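Have a look at the structure below, then the notes.
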Amino acid sequence: MKTLAVLGSINLDHMLLVDRFPKPGETLAINNYHTVAGGKGANQAVAAARSGAKTRFIACVGDDAAGGEMLDAFMQDGIDTTSIDTIADCSTGMATIYVDAAGENHIGIWGGANAELSADKVESHESVIASADILLMQLETPLEGVEQAAKIARANNTKVVLNPAPARELPKELLANIDVITPNETETKLLTGIAVNNRCDADVAAKVLHTYGVPTVLITMGKHGLWLSRDGEGKHYPGFVVPAKDSTAAGDTFNGAFMAELLAGADCEDALRFAQAAAALSVTKMGAQSSIPQREQVLAFLELQTG
Ligand code: RIB
């Protein structure tokens, strides 16, 4: 069975449900508060595993209760956790997430143990990357570790997929080692300078990313679907319309589910449809990992669309 290596963050998400986001200087009463397992790396690993992929996760947790509980939960999802390091005297990463009545979010993150995923730490897990078919990464852990992982993958013919979230500028050397990039509109603007308001903008932005050496560009546009560009040939894929409760981890669910389907042998268009369905289902529920569907749920949803 083909293997996915995910490298990235683990966070305990503090969810604050509000009617609207607070203004600067304003104190606002919260309607509901709870904690949920999150972190972009962890969400993508969970989405891939629940979609059926053999998933190995390279990450760091703190030696606290939250870290231990999340490790147990990953194992229950069938994720290989042997390359997750527990960092002594350190807290697990955390995020504060405001979710408004429309299901939109504002997120603040504190790295904690995620900040320990250095180039050296990544190097110590070289064999996990070298033996994987695909390496999936995001940008909530130190950039030097992401760069090192991409180099190891390139040297071992492991395909490199980067979800460049949260948005930040990236060195050209890293982009030249990426096979597939999956930015949203905000990340695309930061990487290319082009505001994506329509398919034409997406096409132009994708072509800029191709000039950086990335052969496959997948720009996600929320409820407006996505733009796939392969070596300059672009196509739009509309999304599914669902009642939105919380968009947290929708992009992560898309990335993890997409990788799982590709590894299972689906062609690109079928894998995209599966991943879009998984992401759509995730926005109908609150929270990050609490909202990520199992493969059977995604297939049942897709059946309803066609039936
Ligand atoms: O993409 C959603 C994730 O972003 C949340 O789970 C939060 O932890 C932040 O990392």
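In each ligand, atom 1 is the first atom listed, and ligand 1 is the first ligand listed. None of these values were measured; they are calculated from a predicted model.
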*Which heavy-atom pair separates Gln289 from Phe74 by the least distance, and what is that distance?*
OE1-CE2, 3.8 Å
_Holding to side-chain contact (heavy atoms from CB on, under 4.5 Å), I want the full list of residues that pass it with Ala49, two or more places apart in sequence or in another chain._
Thr55, Ile79
*Any residue meeting salt bridge (charged side-chain N to carboxylate O under 4.0 Å, His left out) with Lys189, in chain and number order, not counting sequence neighbours*: none
*May I ask you to check whether Asp80 and Thr82 show a side-chain donor-acceptor distance below 3.5 Å?*
yes
_According to salt bridge (charged side-chain N to carboxylate O under 4.0 Å, His left out), who are the partners of Glu187, at least two apart in sequence or on a separate chain?_
none
*Would you say Glu26 has more than 12 foreign heavy atoms packed within less than 6.0 Å of its CD?*
yes
Under 3.5 Å: N or O atoms of ligand 1 paired with protein N or O:
{"from": "ligand 1", "atom 1": "1 (O)", "to": "Lys40", "atom 2": "NZ", "distance (Å)": "2.8"}
{"from": "ligand 1", "atom 1": "1 (O)", "to": "Asp252", "atom 2": "OD2", "distance (Å)": "2.7"}
{"from": "ligand 1", "atom 1": "4 (O)", "to": "Lys40", "atom 2": "NZ", "distance (Å)": "3.1"}
{"from": "ligand 1", "atom 1": "6 (O)", "to": "Asp13", "atom 2": "OD2", "distance (Å)": "2.6"}
{"from": "ligand 1", "atom 1": "6 (O)", "to": "Gly39", "atom 2": "N", "distance (Å)": "3.0"}
{"from": "ligand 1", "atom 1": "6 (O)", "to": "Asn43", "atom 2": "ND2", "distance (Å)": "3.0"}
{"from": "ligand 1", "atom 1": "8 (O)", "to": "Asn11", "atom 2": "ND2", "distance (Å)": "3.0"}
{"from": "ligand 1", "atom 1": "8 (O)", "to": "Asp13", "atom 2": "OD1", "distance (Å)": "2.5"}
{"from": "ligand 1", "atom 1": "8 (O)", "to": "Gly39", "atom 2": "N", "distance (Å)": "2.9"}
{"from": "ligand 1", "atom 1": "10 (O)", "to": "Asn11", "atom 2": "ND2", "distance (Å)": "3.1"}
{"from": "ligand 1", "atom 1": "10 (O)", "to": "Glu140", "atom 2": "OE1", "distance (Å)": "2.9"}
{"from": "ligand 1", "atom 1": "10 (O)", "to": "Glu140", "atom 2": "OE2", "distance (Å)": "2.5"}

